[in-house]
Amino acid sequence: MENLNQAILNKSAKVNVFGMGYVGIPLAIEIAKSGFKVHGTDRNGWKTTALSNGENPLTDLKEIDINSLKKLAGEGRMTFSQEYDKNSDIKMICVQTPMFPDRRPNLTTAKDIAKTIGKNLKRGSLIINESTVAPGMTRKVIANILEEESGLKAGEDFYLVASPERIDPGNTVYTINKMPKVIGGLNKESLELGVAFYSNFIQKVVPVSSLEAAEATKMLENSYRALNIGFINEFAKFCDAAGINVTEVVDAAATKPIGFAKHYPSIGVGGSCIPKDPYYLISAGEEAGMQFTILWNAMWSNESMPYYTFDLLKKASKENNVKLSNAKVVIFGIAYKGDVKDLRDSPPLVLCNMLKREGIKTYVYDPYFSDDELKKMELLPFHPEKESCDIVIIGCDHSQFKAFDYKKLSGLKFIIDGKNILQKMHVPVIGIGIGNKS
Ligand SMILES: NC(=O)c1ccc[n+]([C@@H]2O[C@H](COP(=O)([O-])OP(=O)(O)OC[C@H]3O[C@@H](n4cnc5c(N)ncnc54)[C@H](O)[C@@H]3O)[C@@H](O)[C@H]2O)c1
């Protein structure tokens, strides 16, 4: 342990980040900026080639520090390839941890990486799991594979840390180094090494007592969010039925200075974490012999929102004498949230595909995507400056959409505001849980 501790102190420890995605790229840059030599491994050669040339392979990940990447790659302080660095001292797992179609955790990739790392594991290395997993998986799955493949003993011959990534893509305030980092270790030595390492490039580290406590923290924070959003989505449906404006009620409730955090309803929840992570917790609960019924229902509530938005569309079409089968519908914003070019688990995309399946002429206007990019996804691009349409659906809250002049859309009959961002205007605006604003 002393050797690695010393190598961390004098920054001679070599770091290998596995997975050059939304998490791995900004993390690798931040580590290299702090003075460590970093190798980024990814199975996709086009990504590692772009990164080696100082280019961002993920055009939708705009907060990448491209100048630092260029400089560090140019100086050979950051290298990238499909291979891993056998000589590295610190190995970080940053690969995807998706779900199987039945919503159970799919750890195939994380297991593959653990096997790769285990095969050539040097004594005294530190392995860090940044990928989101359910409590117990870093120990029961990753540590086991590392031990089996290497013949070494976790905690004695190598060290193990879990520090689930918490970044929020597009957030320019809480950038990767400003987001406090929760760290759990397999044992005291692992934790000490983890804290010493992260303290070089993260402003605030939060040590916790075990791997499981760190993993469970990630589960709690994302499930808390999913749960609250699930409830407000359900509450919004009630507000629609009861003729109450949900935004007014949320804002009024928030005047209570204690015990209430604002959440707003919408067309649905997207991104790589909130629609998936709670299912990891639900699965872990089942293994522990219990059921997270409240969480399960919240997830169902969130997943129902694109369908609910479709119901609002059908209802509004009847009320406004628009025949949906003849109408031209345009979805404003296909990304999962505002001001990002990110389609992962995007609710407006779910709705778009639903409308297409029903044979409704559906177009997309999203300033973050070119016509060619939309066409490649079999989406029809819409050009507001020269085309007319009957219905607009606000799919995400890109800043442009609030200030957009909807009067210039000839033929527009009504708007479904899936993010409740628009004010009353010349045509009916139907929000989620706020009824008709006309
Ligand atoms: N994206 C986010 O906003 C976010 C936030 C917090 C936590 N997380 C979690 O972090 C983890 C990583 O997420 P992400 O969004 O960066 O995923 P991602 O899909 O963007 O990146 C994963 C990368 O790993 C690479 N990869 C896959 N198999 C590989 C292999 N065998 N060898 C080398 N590289 C391989 C892929 O090519 C890809 O580039 C997940 O567990 C996710 O849940 C993501």
Side-chain angles (χ1 to χ4, degrees), residues 16-30 39-52 56-64 80-86 88 91-99 103 105-120 128-135 137-138 141-142 145 149 162-172 174-176 179-182 202 214-215 217-223 225-226 269-281 283 335-337 340-346:
N16 192 174
V17 179
F18 288 79
M20 291 289 100
Y22 292 84
V23 165
I25 298 175
L27 185 68
I29 296 174
E30 216 50 44
H39 183 73
T41 303
D42 201 283
R43 66 176 169 194
N44 284 318
W46 61 270
K47 280 191 177 177
T48 55
T49 304
L51 288 162
S52 303
N56 176 8
L58 300 175
T59 49
D60 48 342
L61 185 65
K62 62 177 185 213
E63 60 268 28
I64 270 192
F80 304 91
S81 74
Q82 287 167 281
E83 304 303 318
Y84 56 98
D85 178 4
K86 287 186 191 137
S88 57
K91 298 169 203 291
M92 307 182 78
I93 302 173
C94 299
V95 291
Q96 65 269 38
T97 45
M99 297 185 288
R103 294 178 168 73
N106 177 351
L107 292 185
T108 314
T109 309
K111 285 178 180 172
D112 283 350
I113 295 290
K115 271 189 195 156
T116 304
I117 294 175
K119 278 196 178 88
N120 287 288
I128 300 176
N129 181 30
E130 283 252 349
S131 293
T132 303
V133 294
M137 289 182 178
T138 303
V141 180
I142 293 175
I145 295 175
E149 296 292 330
S163 184
E165 187 49 68
R166 300 165 117 182
I167 48 157
D168 175 23
N171 194 322
T172 47
Y174 288 103
T175 49
I176 198 156
M179 183 67 84
K181 201 90 175 79
V182 174
I202 300 286
E215 296 164 325
T217 304
K218 175 81 183 175
M219 291 292 115
L220 175 63
E221 56 204 32
N222 281 1
S223 299
R225 190 147 170 75
V269 179
S272 74
C273 295
I274 313 289
K276 179 240 329 173
D277 296 353
Y279 285 116
Y280 270 60
L281 183 58
S283 249
Y336 87 83
K337 69 173 179 179
V340 298
K341 186 187 177 185
D342 192 336
L343 288 173
R344 289 174 303 166
D345 267 314
S346 169

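Throughout, residue positions are numbered sequentially from 1 according to the sequence presented. Every number for a ligand or one of its atoms is a count from 1 in the order of the listing.
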With a 4.5 Å limit on heavy-atom distance, are the side chains of [X] and [Y] in contact?
| X | Y | answer |
| --- | --- | --- |
| T41 | N16 | yes |
| M137 | I142 | no |
| T132 | E165 | no |
| L58 | K47 | yes |

Hey, does the Lys NZ or Arg CZ of R43 hover above the aromatic six-ring of F18, less than 6.0 Å from the centre and inside 45° of the axis? no

CZ-CG distance between F80 and D85, expressed to the nearest 0.5 angstrom: 12.5 Å

Show me, by chain and number, every protein residue that has a heavy-atom distance under 4.0 Å to ligand 1. G19, M20, G21, Y22, V23, D42, R43, N44, K47, C94, V95, Q96, T97, T109, I113, S131, T132, E165, I167, P169, K218, S272, C273, K276, R344

